[in-house]
Amino acid sequence: MNSIDSISCVSELKDSLSSLKVKEYGRETIIQLLNSKGDKLEPLYQEADRVRQEHMGDEVYLRGIIEFSNICKNDCLYCGIRASNRNVKRYTLSHDEILETASAMINNQQTTVVLQAGEASMLSDKEFGRLISRIKKETSLSVTVSVGNRPYETYRYWRDCGMDRYLLRFETSDPGLFRALHPACTLEERLECLGYLIDLGVQTGSGFMIGLPGETMEILADNILLCRTLDLDMIGIGPYIPHPDTPLADQKNAYEGNEDMFFKALAVLRLVNPDAHIPATTAFDAVFPGEGRNLALQRGANVFMPNSTPVQYRKDYLLYPGKPCVDETANQCATCVAFRVESLGRTIGKGQGHSRKDRHTKGTDAGIVSHRN
Ligand code: SAM
Ligand code: FES
């Protein structure tokens with residue numbers, strides 16, 4: 001399935017999920033795998049690692065992330081930079097700062113810049129498009145953007161400026177839970193935005209938090225299946241971590257005391273989505289300091305997103321407590337990442353690490369596709 005065009009509402013989507021036969025992995029099988037314990041765990045991780053190697057190889061692609069603004073108009077209940085959090089010192093990087101930071105990535109074997117920010121018009125669509133064009137013209141980097149829900153025309157304009165990829169997590173596949181956590185947006189609207197991106201031919205990434213308060217095993221299984229239904233190019237998942245300055249401060253992760261669930265979810269995600277790029281996300285390191293992302297790379301992940309935000313801004317982009325690398329410079333992070341990847345016997349990806357899906361690779365050299373119409 002290449003588009004969610006035909007799916008007009010969430011209930012239809014849910015129906016299509018339960019009737020979907022994803023290879024042998026249906027909802028029940030997924031729940032069974034997520035319940036693996038004891039001596040069943042290691043074989044699950046090994047199978048995820050094998051499927052990752054078979055479909056994605058041993059290369060780990062490095063995508064440097066610049067958290068270029070923490071200004072957000074939304075009030076997502078779990079998020080440390082939500083609009084109502086008065087303890088956050090707000091910032092936005094200038095175009096020149098972003099360009100200088102992005103250019104430095106090339107010496108650190110990073111072939112993609114990820115531009116992430118809160119959801120706010122901190123700069124106009126036109127200005128942001130100009131920034132994308134400049135990065136594409138002045139560097140060899142691929143450009144991934146992650147700035148939330150936007151109109152179709154905006155995504156199209158940014159694509160025409162050279163935007164290669166877009167990240168927009170659906171956060172949870174449960175419409176009621178989504179509604180409770182996002183005062184400004186419904187799951188249907190979020191999925192509509194993902195549909196725009198897919199239809200525009202932008203390499204599309206989505207994903208979810210593991211263990212949001214109120215999540216059940218059925219919801220977790222449906223989250224994994226929704227990634228498959230959307231046929232995503234990239235899938236980012238990571239544990240939900242309560243932030244003290246949010247309304248969910250006292251709400252524990254649904255799997256507290258059962259943290260293996262974070263890796264089980266990642267491993268099953270890989271089995272169900274063999275040819276998607278899956279990053280070892282930062283939140284794994286917040287829960288398992290110093291080793292979370294290494295373990296994620298050994299249990300299904302094939303991408304690493306080193307933090308490249310200039311060090312003076314990092315402590316102001318705390319989505320959750322315990323975020324690693326807040327005192328390190330971009331160069332220190334880059335050196336550390338290279339060491340981590342090599343220590344696992346893996347190599348750093350040399351190419352752009354574009355989508356492996358046929359719709360992006362057919363008829364192009366080396367999997368690099370132009371999206372301009
Ligand atoms: N504004 C953009 C958006 O909403 O897609 C990008 C920034 S948003 C902060 C990036 C991601 O951070 C969200 O998609 C969410 O999954 C994750 N996040 C936010 N708060 C979190 C928390 N308390 N624990 C774990 N992840 C969190
Ligand atoms: Fe806007 Fe989190 S509430 S980025």
Side-chain angles (χ1 to χ4, degrees), residues 63 65-88 90-92 114-123 128 144-150 154-155 158 165-173 177-178 181-187 189-191 193-194 196-197 204-215 223 227 232 234-256 259 262 265-266 279 281-288 292 305 307 309 313-314 316-324:
R63 331 256 209 220
I65 179 162
I66 306 178
E67 298 149 337
F68 70 92
S69 175
N70 63 358
I71 299 176
C72 188
K73 66 176 165 55
N74 286 344
D75 249 334
C76 304
L77 267 71
Y78 45 78
C79 182
I81 62 169
R82 65 201 298 272
S84 298
N85 185 359
R86 303 272 170 255
N87 296 329
V88 176
R90 304 287 166 176
Y91 70 85
T92 300
V114 182
L115 301 174
Q116 193 186 78
E119 192 173 320
S121 36
M122 76 306 284
L123 64 179
F128 193 64
T144 300
V145 176
S146 177
V147 296
N149 286 16
R150 304 281 163 154
T154 302
Y155 291 143
W158 291 344
R165 312 189 192 114
Y166 202 93
L167 303 179
L168 181 66
R169 288 186 181 178
F170 57 77
E171 315 293 3
T172 174
S173 61
L177 186 54
F178 189 100
L181 297 173
H182 303 96
C185 162
T186 63
L187 178 58
E189 287 161 354
R190 183 61 57 96
L191 294 175
C193 287
L194 287 168
Y196 296 160
L197 290 159
T204 302
S206 189
F208 55 88
M209 277 173 280
I210 312 163
L212 280 168
E215 178 176 302
N223 290 348
C227 292
L232 297 164
M234 297 98 67
I235 310 172
I237 69 170
Y240 154 71
I241 302 167
H243 189 294
D245 295 334
T246 65
L248 298 189
D250 298 328
Q251 307 257 347
K252 293 179 181 152
N253 186 293
Y255 309 110
E256 183 160 292
E259 281 79 10
F262 306 148
L266 182 76
T281 56
T282 313
F284 278 96
D285 260 17
V287 179
F288 303 93
M305 293 165 71
N307 193 335
T309 308
Y313 299 110
R314 291 189 185 194
D316 298 317
Y317 201 89
L318 284 192
L319 309 177
Y320 44 78
K323 196 168 163 220

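One-based numbering, in listed order, for ligands and for the atoms of each. Computed from a predicted structure; not experimentally measured.
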Visitor: Without swapping roles, check the side chain of Arg190 against the backbone of Cys185 for a donor-acceptor pair under 3.5 Å.
Guide: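 No; zero donor-acceptor contacts below 3.5 Å.
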Visitor: Determine yes or no for a side-chain-to-main-chain donor-acceptor pair under 3.5 angstrom, with Arg90 supplying the side chain and Asn70 the backbone.
Guide: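 Present.
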Visitor: Mind checking what residues have non-hydrogen atoms under 4.0 angstrom from ligand 2?
Guide: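 Under the 4.0 Å cut-off, ligand 2 touches Cys72, Asn74, Cys76, Cys79, Ile81, Arg82, Gly118.
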Visitor: Please check if any side-chain donor atom of Asn74 sits under 3.5 Å from a side-chain acceptor atom of Arg82, or the reverse.
Guide: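 Absent: no donor and acceptor within the cut-off.
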Visitor: For Phe208 together with Phe178, are the ring centres under 6.0 Å from each other?
Guide: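 They do not qualify: ring centres at least 6.0 Å apart.
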Visitor: For the pair Asn223 (side chain) and Ser173 (backbone), establish whether a donor and an acceptor sit closer than 3.5 Å, ignoring hydrogens and angles.
Guide: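 Indeed, once roles are kept as given, a pair shorter than 3.5 Å links the two residues.
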Visitor: According to the interplanar angle, ranging from 0 to 90°, do the rings of Tyr155 and Tyr166 count as parallel (below 30°), tilted (30 to 60°) or perpendicular (above 60°)?
Guide: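 Perpendicular.
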Visitor: For Tyr240 and Gln251, does a side-chain donor sit closer than 3.5 Å to a side-chain acceptor?
Guide: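 On atom types as modelled, these side chains do not qualify, holding no pair under 3.5 Å.
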Visitor: Is there a donor-acceptor pair under 3.5 Å between the side chain of Asp285 and the backbone N or O of Gly292?
Guide: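 It does hold such a pair.
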Visitor: Who's touching ligand 1 if we go heavy atoms under 4.0 Å?
Guide: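 Under the 4.0 Å cut-off, ligand 1 touches Tyr78, Cys79, Gln116, Ala117, Gly118, Glu119, Ser146, Gly148, Leu168, Arg169, Glu171, Met209, Pro239, Tyr240, Ile241, Tyr317, Leu319, Tyr320.
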Visitor: Minimum heavy-atom separation for Leu212 to Ala254, with atom names?
Guide: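 Heavy atoms only, the tightest pair is O-CB, 3.8 Å.
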